[in-house]
*Asks:* 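Here it is, the structure in full.
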Amino acid sequence: MGAGKSTVGPPLAERLGRPFLDLDRELEHALGMTIPELFEQRGEPEFRLQEEAHAIAALRLPDPAVIALGGGAVQTPSIRNELAGRAFTVLLRVDPDTAWERSGGRGRPLARDESEFRALYERRRELYGEVADAQADDLDGAVLAAAGVQVEPRALERLGSLVPGDGSVALVTDPHVGGIYGAAAQVALGPRLASVHEIPQGEEAKVAAVVERLWTELRLDRGGVLVALGGGSTTDVAGFVAATYVRGIDWVAVPTTLVGQVDAAIGGKTAIDLPQGKNLAGAFHWPARAVIDPGTLETLPEEQRLEGLAEVVKTGLLAGEPLWELPPAELVRRCAAYKAALCVRDPQDEGVRVVLNLGHTFAHALEAAAGYEGLTHGRAVALGLLAALRLSGRPTEIVEQLLRPQPVRVDRERAWAAMQRDKKVRGGELRLVLLNDDGPVVEARPDTEVRSALDGLIAE
Ligand SMILES: NC(=O)c1ccc[n+]([C@@H]2O[C@H](COP(=O)([O-])OP(=O)(O)OC[C@H]3O[C@@H](n4cnc5c(N)ncnc54)[C@H](O)[C@@H]3O)[C@@H](O)[C@H]2O)c1
Ligand SMILES: [Zn+2]
């Protein structure tokens with residue numbers, strides 16, 4: 001009661017692309033009376049019976065929905081059963097003072113007397129903890145909980161308790177990250193840690209030979225968990241190994257770069273590179289958890305931070321909020337939540353997730369024209385964002401100030417050809433993610449406009 005279910009519920013449902021059901025409201029509607037009236041006229045036991053029937057019916061609906069349960073519903077054992085079997089249950093945390101402030105003296109039958117209200121809160125507290133699959137404090141927290149993403153200062157120290165199940169754990173990391181955070185991770189994993197595997201730093205790890213070596217080294221059974229500690233390269237290759245080893249085991253991503261924390265560790269895409277191109281062999285294999293400790297960013301070199309900042313600016317532009325102005329931990333949390341919601345809605349990248357490509361069509365063309373050398377992804381995205389904003393008729397100052405994109409020296413024809421290839425792959429039409437007042441839109445633009453936007457990113 002008073003945790004904010006009716007406030008958080010509707011926007012949460014919207015972010016996840018699901019209908020919202022408020023059980024108390026449904027019940028009132030079905031019975032043609034308010035809940036205080038129901039309590040008054042028929043008593044609490046009758047209310048609980050009605051609540052049980054409606055809750056179970058809602059939980060058995062075939063299509064996923066966001067459902068707000070009444071505060072006392074989990075006291076009914078059959079509802080708890082149904083929750084365990086069919087729902088992902090998020091407890092919205094609230095302290096008793098706030099809860100009373102929000103619910104007290106408003107005619108709610110169980111919130112009339114403050115001391116009784118507080119006693120009820122205490123009685124229910126333990127039960128809530130048992131029923132909840134995850135806990136959250138606000139809308140973004142609920143999105144992250146639903147996506148299995150834990151953003152928390154010092155999360156690394158709690159890694160042991162954040163790795164699901166009780167199977168053996170194999171830790172995969174690169175020598176650099178392992179040197180800084182490996183010992184802390186090993187201590188946190190404790191006796192469950194069965195082996196540690198070192199892979200090369202950066203993109204060099206994303207090759208078939210590394211996958212094969214890990215396949216051979218691992219001694220996990222199907223209940224084992226692979227923990228990937230490092231940047232996007234580490235989580236991409238380790239996630240792919242987890243997707244394929246003994247036909248798939250659970251894995252936990254522990255991203256330590258800004259790119260990893262706001263992008264690579266979220267959404268379940270895993271991949272390695274082939275000689276023909278980047279990310280050409282991979283799988284969708286959602287990590288059982290992403291454990292994000294923003295504190296690990298403190299050791300990140302500046303150029304690596306800038307790589308991530310490009311995705312942060314992209315996310316802020318998409319969300320229509322200056323997320324880049326937030327302090328680091330909150331910035332990571334908000335950006336991670338933005339991506340997580342889209343990925344929960346569109347796990348296989350067949351729909352709404354496309355907006356995450358803002359600036360990326362141009363970026364990919366420039367990267368291809370540069371032969372994937374001398375131009376980092378972040379710098380290419382910074383330029384791509386510039387082009388997308390120009391084509392959208394929107395101000396470009398933020399990108400210029402924060403990312404300082406510099407025109408690249410690449411062959412114009414080669415860049416344009418790369419864009420045309422992209423177009424062919426997408427069925428003959430180049431659909432760009434652009435921005436308007438309501439947020440992102442996907443649009444085709446005449447070749448001449450696109451070409452001149454691309455040319456504007458290339459140095460003379
Ligand atoms: N799966 C996805 O959805 C997705 C999304 C975005 C990017 N990616 C992939 O991510 C990769 C890029 O990842 P990245 O940008 O995180 O870089 P990275 O993983 O290549 O790491 C870069 C360097 O940073 C070092 N490093 C990592 N964490 C550190 C820390 N906390 N302190 C000091 N040094 C640290 C590493 O040792 C490494 O040398 C690309 O291969 C890209 O394709 C995947
Ligand atoms: Zn990107």
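Atoms within a ligand are numbered from 1 in the order they appear, just like the ligands themselves.
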*Asks:* For ligand 1, which part of Glu311 has a heavy atom less than 4.0 Å away: the side chain, the backbone, both, or neither?
*Replies:*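 No part of Glu311 comes within reach of ligand 1.
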*Asks:* May I ask you to check whether His176 and Gln201 show a side-chain donor-acceptor distance below 3.5 Å?
*Replies:*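 Distance-only check fails for His176 and Gln201.
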*Asks:* Heavy-atom contacts under 4.0 Å between Thr235 and ligand 1: side chain, backbone, both, or neither?
*Replies:*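 The answer is neither; Thr235 stays 4.0 Å or more away.
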*Asks:* Could you check atom 14 (P) of ligand 1 against the protein and tell me its nearest heavy-atom contact, residue, atom and distance included?
*Replies:*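 Answer, as residue, atom name and distance: Gly232 N, 3.5 Å.
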*Asks:* Give the residue, atom name and distance (to 0.1 Å) of the protein heavy atom nearest atom 37 (O) of ligand 1.
*Replies:*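 Residue, atom and distance for the closest contact: Asp174 OD2, 2.8 Å.
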*Asks:* To the nearest 0.5 Å, how far apart are OG1 in Thr7 and CG in Leu139?
*Replies:*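 Here the rounded value is 10.5 Å.
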*Asks:* Run down the list Ile272, Asp273, Thr257 and name the one with the heavy atom closest to atom 27 (C) of ligand 1.
*Replies:*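 The nearest heavy atom belongs to Thr257.
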*Asks:* Once you round to the nearest 0.5 Å, how far does CD of Gln420 lie from CG of Leu430?
*Replies:*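 Nearest 0.5 Å value for the CD-CG distance: 7.5 Å.
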*Asks:* Between Thr299 and Tyr181, is there a side-chain donor-acceptor contact under 3.5 Å, judged purely by atom types and distance?
*Replies:*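 Tyr181 vs Thr299: donor-acceptor pair found between side chains.
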*Asks:* Indicate yes or no: at least one non-hydrogen side-chain atom of His285 is less than 4.5 angstrom from one of Phe240.
*Replies:*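 The answer is no; the side chains never approach within 4.5 Å.
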*Asks:* Taking heavy atoms and a distance under 4.0 Å, where does Lys339 meet ligand 1: side chain, backbone, both or neither?
*Replies:*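 Lys339 to ligand 1: side-chain contact only, backbone stays beyond 4.0 Å.
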*Asks:* Numbering the atoms of ligand 1 from 1, which are under 4.0 Å from a heavy atom of Asn279?
*Replies:*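 Per the distance check, 43 (O).
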*Asks:* Under 4.0 Å from a heavy atom of Asp263: give me the atoms of ligand 1 that qualify, with their elements.
*Replies:*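 Near Asp263, the atoms of ligand 1 are 5 (C), 6 (C).
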*Asks:* Should we count CD of Glu130 as having more than 12 external heavy atoms under 6.0 Å?
*Replies:*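 Atom CD in Glu130 is packed in, count exceeds 12.
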*Asks:* Where is the nearest protein heavy atom to atom 25 (C) of ligand 1: which residue, which atom, and how far?
*Replies:*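 Minimum-distance protein heavy atom for atom 25 (C) of ligand 1 reads His176 CD2, 4.1 Å.
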*Asks:* Distance from Asp137 atom CG to Leu144 atom CG, nearest 0.5 Å?
*Replies:*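 Output value for this atom pair is 11.0 Å.
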*Asks:* By number and element, which atoms of ligand 1 are closer than 4.0 Å to a non-hydrogen atom of Gly202?
*Replies:*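 Those atoms are 20 (O).
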*Asks:* Going by the order shown, which atoms of ligand 1 are within less than 4.0 Å of some heavy atom of Gly231?
*Replies:*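 Near Gly231, meaning under 4.0 Å from one of its heavy atoms, ligand 1 has 16 (O), 19 (O).
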*Asks:* Which residue and non-hydrogen atom of the protein lie closest to atom 26 (N) of ligand 1, and at what distance in Å?
*Replies:*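 Ranking protein heavy atoms by distance from atom 26 (N) of ligand 1, first comes Val177 CG2, 3.6 Å.
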*Asks:* State the atoms of ligand 1, each with its element, that fall below the 4.0 Å cut-off from a heavy-atom position in Tyr181.
*Replies:*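 This gives 31 (N) as the contact atoms.
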*Asks:* With rounding to the nearest 0.5 Å, note down the distance linking OG in Ser6 to CG in Asp22.
*Replies:*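 Answer for the OG-CG pair, Ser6 versus Asp22, is 5.0 Å.
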*Asks:* Among Asp293, Val259, Val262, Thr376, whose heavy atom sits nearest atom 15 (O) of ligand 1?
*Replies:*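 The nearest heavy atom belongs to Val259.
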*Asks:* If the Zn ion (ligand 2) is the vertex, what is the angle to OE2 of Glu311 and NE2 of His377, rounded to 10 degrees?
*Replies:*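 Centred on the Zn ion (ligand 2), the OE2/NE2 angle is 100° (to 10°).
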*Asks:* Do other residues, nucleotides or ligands put more than 12 heavy atoms under 6.0 Å from the CD atom of Glu400?
*Replies:*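 For Glu400, atom CD is crowded (more than 12 foreign heavy atoms under 6.0 Å).
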*Asks:* Looking at Asp166, I'd like to know if its CG atom is crowded, meaning that more than 12 non-hydrogen atoms belonging to other residues, nucleotides or ligands lie closer than 6.0 Å.
*Replies:*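 Counting neighbours around CG of Asp166, 12 or fewer heavy atoms of other residues, nucleotides or ligands fall under 6.0 Å, so no.
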*Asks:* Using a 4.0 Å cutoff against the non-hydrogen atoms of Lys206, which atoms of ligand 1 qualify?
*Replies:*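 Every atom of ligand 1 under 4.0 Å from some heavy atom of Lys206: 9 (C), 40 (C), 41 (O), 42 (C), 43 (O).
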*Asks:* Quick check for you: to the nearest 0.5 Å, what is the distance between Leu159 atom CG and Leu193 atom CG?
*Replies:*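 Separation between the atoms: 9.5 Å.
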*Asks:* Quick check on Glu429: does its CD atom have over 12 non-hydrogen neighbours (other residues, nucleotides or ligands) under 6.0 Å away?
*Replies:*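 Above 12, so yes.
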*Asks:* How does Leu297 reach ligand 1, if at all, at less than 4.0 Å between non-hydrogen atoms: by side chain, backbone, both, or neither?
*Replies:*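 Answer for Leu297: neither.
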*Asks:* At less than 4.0 angstrom from any non-hydrogen atom of Asp236, what atoms of ligand 1 do you find?
*Replies:*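 Matching atoms, with element in brackets: 1 (N), 2 (C), 8 (N), 9 (C), 43 (O), 44 (C).
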*Asks:* Yes or no on side-chain hydrogen bond (donor to acceptor under 3.5 Å, both in side chains) for Asp95 and Thr98, after CA distance, side-chain angles and deciding distance?
*Replies:* CA-CA 6 Å; Asp95 63 80; Thr98 312; 2.7 Å; yes
*Asks:* For atom 7 (C) of ligand 1, grab the closest protein heavy atom and report residue, atom and distance to one decimal in Å.
*Replies:*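 The closest heavy atom on the protein side is Ala264 CB, 3.8 Å.
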*Asks:* Do me a favour and list the nearest non-hydrogen protein atom to atom 39 (O) of ligand 1 with residue, atom name and distance?
*Replies:*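 The closest one turns out to be Gln201 NE2, 2.8 Å.
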*Asks:* Do me a favour and list the nearest non-hydrogen protein atom to atom 28 (N) of ligand 1 with residue, atom name and distance?
*Replies:*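 The closest one turns out to be Thr256 OG1, 2.7 Å.
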*Asks:* Please check if the number of heavy atoms outside Arg345 that lie under 6.0 Å from its CZ is greater than 12.
*Replies:*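 Check passes, neighbour count above 12.
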*Asks:* Are Gln150 and Glu152 close enough that a side-chain donor and a side-chain acceptor fall under 3.5 Å?
*Replies:*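 A donor-acceptor contact under 3.5 Å links the two side chains.
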*Asks:* Just jot down the ligand 1 atoms closer than 4.0 angstrom to any heavy atom of Leu300, in number order.
*Replies:*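 In order of number, 28 (N), 29 (C), 30 (C), 32 (N), 33 (C), 35 (C).
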*Asks:* Record the part of Gln304 in heavy-atom contact with ligand 1 below 4.0 Å; permitted values are side chain, backbone, both and neither.
*Replies:*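 The side chain, only.
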*Asks:* Considering only non-hydrogen protein atoms, determine which one is nearest to atom 18 (P) of ligand 1 and report residue, atom name and distance to 0.1 Å.
*Replies:*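 Of every protein heavy atom, Ser233 OG, 3.5 Å lies nearest to atom 18 (P) of ligand 1.
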*Asks:* Ligand 1 versus Thr299, non-hydrogen atoms closer than 4.0 Å: side chain, backbone, both, neither?
*Replies:*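 Thr299 to ligand 1: contacts from backbone and side chain alike.
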*Asks:* Consider ligand 1: state whether an atom of it lies below 4.0 angstrom from any non-hydrogen atom of Glu307.
*Replies:*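 Under 4.0 Å: no for Glu307.
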